[in-house]
Enquirer: 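This structure is in structure tokens; I'll ask about it shortly.
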Amino acid sequence: SEIQRMGNELVSAVAHPDDFAQIIEHFRHRFDQTRDGEVVEAQYRLRHANGEYRWLNMSLTVFTRTAAGLPYVILGTAQDVTDRKRAEEQMRRAHEELARLECQQREIEKLAIAGRMAAQVAHEINNPLAGIRNSFLLIRDAIPPDHRYFEYVGRIGKEIDRIARIVRQMFDLYRPD
């Protein structure tokens, strides 16, 4: 058969490049230490006749050994588990995406709470600010231009307006639906 013709080159011919070193290491050490009749489980990607790599779950055992006690013939069965591996990978990606979305949702909820709090603070500031503004408008015209503190009248008006803009921005952070 084609597999028998490959002989010692079988593993290098069919093993996935990422699994090759692990397969060699596994066969070298695991089967040297395995008792006769003991089944060894392994899972690797091997190239199918159509060129596609497939995941195989293998159950292997040493059938005969050389005079030196090294494995000579290894028998086993292999089950194609490629579809299961793909499904596991899709499941892993779906869990990662779900975790990402849950994290994003928590951040959105935190922002919503911060927005509501900003609106509450803005409301608490806005009420006394309205009283300050109205009081200032009543007394501003009563200060003559030649008064020594008249220059502060314009500054006070600008600062009240600035505070009002900040409060409005805080209100805008949270707009209930």
Side-chain angles (χ1 to χ4, degrees), residues 11-30 40-59 78-177:
V11 174
S12 62
V14 299
H16 189 280
D18 293 345
D19 295 346
F20 180 74
Q22 183 183 2
I23 292 171
I24 296 301
E25 187 70 18
H26 189 252
F27 274 79
R28 256 192 207 133
H29 296 291
R30 181 72 172 137
V40 175
E41 299 288 330
Q43 196 172 88
Y44 302 112
R45 289 168 288 183
L46 300 177
R47 187 175 28 248
H48 188 273
N50 68 10
E52 175 189 9
Y53 283 101
R54 307 289 294 179
W55 279 99
L56 297 176
N57 190 32
M58 295 173 267
S59 299
Q79 179 183 9
D80 187 338
V81 293
T82 304
D83 292 339
R84 186 189 80 210
K85 294 290 267 187
R86 286 180 183 153
E88 288 171 353
E89 178 62 19
Q90 288 174 343
M91 187 78 97
R92 184 191 62 76
R93 286 184 186 148
H95 278 109
E96 285 177 358
E97 179 66 8
L98 179 61
R100 186 188 68 76
L101 291 172
E102 287 173 342
C103 182
Q104 188 177 24
Q105 181 181 5
R106 283 190 298 274
E107 291 302 313
I108 290 169
E109 289 169 355
K110 287 178 190 176
L111 289 173
I113 290 168
R116 281 193 298 274
M117 190 164 61
Q120 290 169 347
V121 169
H123 179 73
E124 293 301 319
I125 293 171
N126 204 38
N127 287 338
L129 182 62
I132 292 169
R133 171 180 265 145
N134 291 334
S135 297
F136 174 71
L137 291 175
L138 290 174
I139 63 168
R140 128 180 119 178
D141 295 332
I143 300 175
D146 61 340
H147 191 279
R148 66 181 188 158
Y149 294 120
F150 181 77
E151 68 181 274
Y152 295 110
V153 171
R155 282 189 198 165
I156 293 170
K158 287 179 184 176
E159 292 304 314
I160 290 173
D161 290 343
R162 186 170 75 89
I163 293 170
R165 275 193 312 277
I166 292 169
V167 168
R168 176 88 260 144
Q169 289 172 347
M170 290 173 70
F171 269 128
D172 290 344
L173 281 177
Y174 176 72
R175 293 184 185 186
D177 295 332

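Residue numbers start at 1 and run along the sequence shown.
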Enquirer: Might you point out which heavy atoms bring His16 and Tyr53 nearest each other, and give the distance in Å?
Expert: CA-CE2, 3.4 Å

Enquirer: Using a 4.5 Å cut-off on heavy atoms from C-beta on, say whether the side chain of Glu25 contacts that of Gln22.
Expert: no

Enquirer: Of the non-hydrogen atoms in Ala122 and Val167, which two are nearest, and what is the gap between them?
Expert: O-CG1, 3.4 Å

Enquirer: Nearest 0.5 Å, please: how far is CD in Glu96 from CZ in Arg93?
Expert: 8.5 Å

Enquirer: If you take all heavy atoms of Ile23 and Ala15, which pair is closest and at what distance?
Expert: CD1-CB, 3.7 Å

Enquirer: Salt bridge between Glu89 and Lys85, side-chain N to carboxylate O under 4.0 Å?
Expert: no

Enquirer: Is there a side-chain contact between Val81 and Leu56, using heavy atoms and a 4.5 Å cut-off?
Expert: no

Enquirer: I'd like to know whether Leu101 forms a side-chain contact (heavy atoms from CB on, under 4.5 Å) with Gln105, so could you lay out the CA-CA distance, the side-chain angles of the two residues, the decisive distance to 0.1 Å, and finally the verdict.
Expert: CA-CA 6 Å; Leu101 291 172; Gln105 181 181 5; over 6 Å; no

Enquirer: With rounding to the nearest 0.5 angstrom, report the CD to CD distance, Glu97 to Glu102.
Expert: 10.5 Å

Enquirer: Mind checking the CG-CD1 spacing from Leu137 to Ile132? Nearest 0.5 Å is all I need.
Expert: 12.0 Å

Enquirer: Measuring from atom CD of Gln43 to atom CE of Met58, what distance do you get when rounded to the nearest 0.5 angstrom?
Expert: 8.0 Å

Enquirer: Under a 4.5 Å cut-off applied to non-hydrogen side-chain atoms, are Asp172 and Arg168 in contact?
Expert: yes

Enquirer: Within this structure, what is the CD1-CG distance for the pair Ile163 and Asn126, rounded to the nearest 0.5 Å?
Expert: 11.0 Å

Enquirer: Go through Gln120 and Glu124 one step at a time and tell me if the side-chain hydrogen bond (donor to acceptor under 3.5 Å, both in side chains) criterion holds.
Expert: CA-CA 6 Å; Gln120 290 169 347; Glu124 293 301 319; over 6 Å; no

Enquirer: I'd like to know if Glu88 and Arg84 make a salt bridge, using a cut-off of under 4.0 Å between side-chain N and carboxylate O.
Expert: yes

Enquirer: Can you tell me how far CD1 of Ile156 sits from CD of Glu151, rounded to the nearest 0.5 angstrom?
Expert: 10.5 Å

Enquirer: What closest approach, in Å, do Ala118 and Met170 show between heavy atoms, and which atom pair accounts for it?
Expert: O-CE, 3.5 Å

Enquirer: Applying ring-ring contact (aromatic ring centres under 6.0 Å, His included), which residue pairs with at least one partner in residues 89-140 are found, sequence neighbours left out?
Expert: none

Enquirer: Measure across Asp161 and Arg133 and return the closest heavy-atom pair with its distance rounded to 0.1 Å.
Expert: OD1-NH2, 2.6 Å

Enquirer: I'd like to know if the side chain of Arg140 and the backbone of Val153 have a donor-acceptor N/O pair within less than 3.5 Å.
Expert: no

Enquirer: Answer yes when Arg106 and Glu109 have at least one side-chain N-carboxylate O distance shorter than 4.0 Å, and no when they do not.
Expert: no

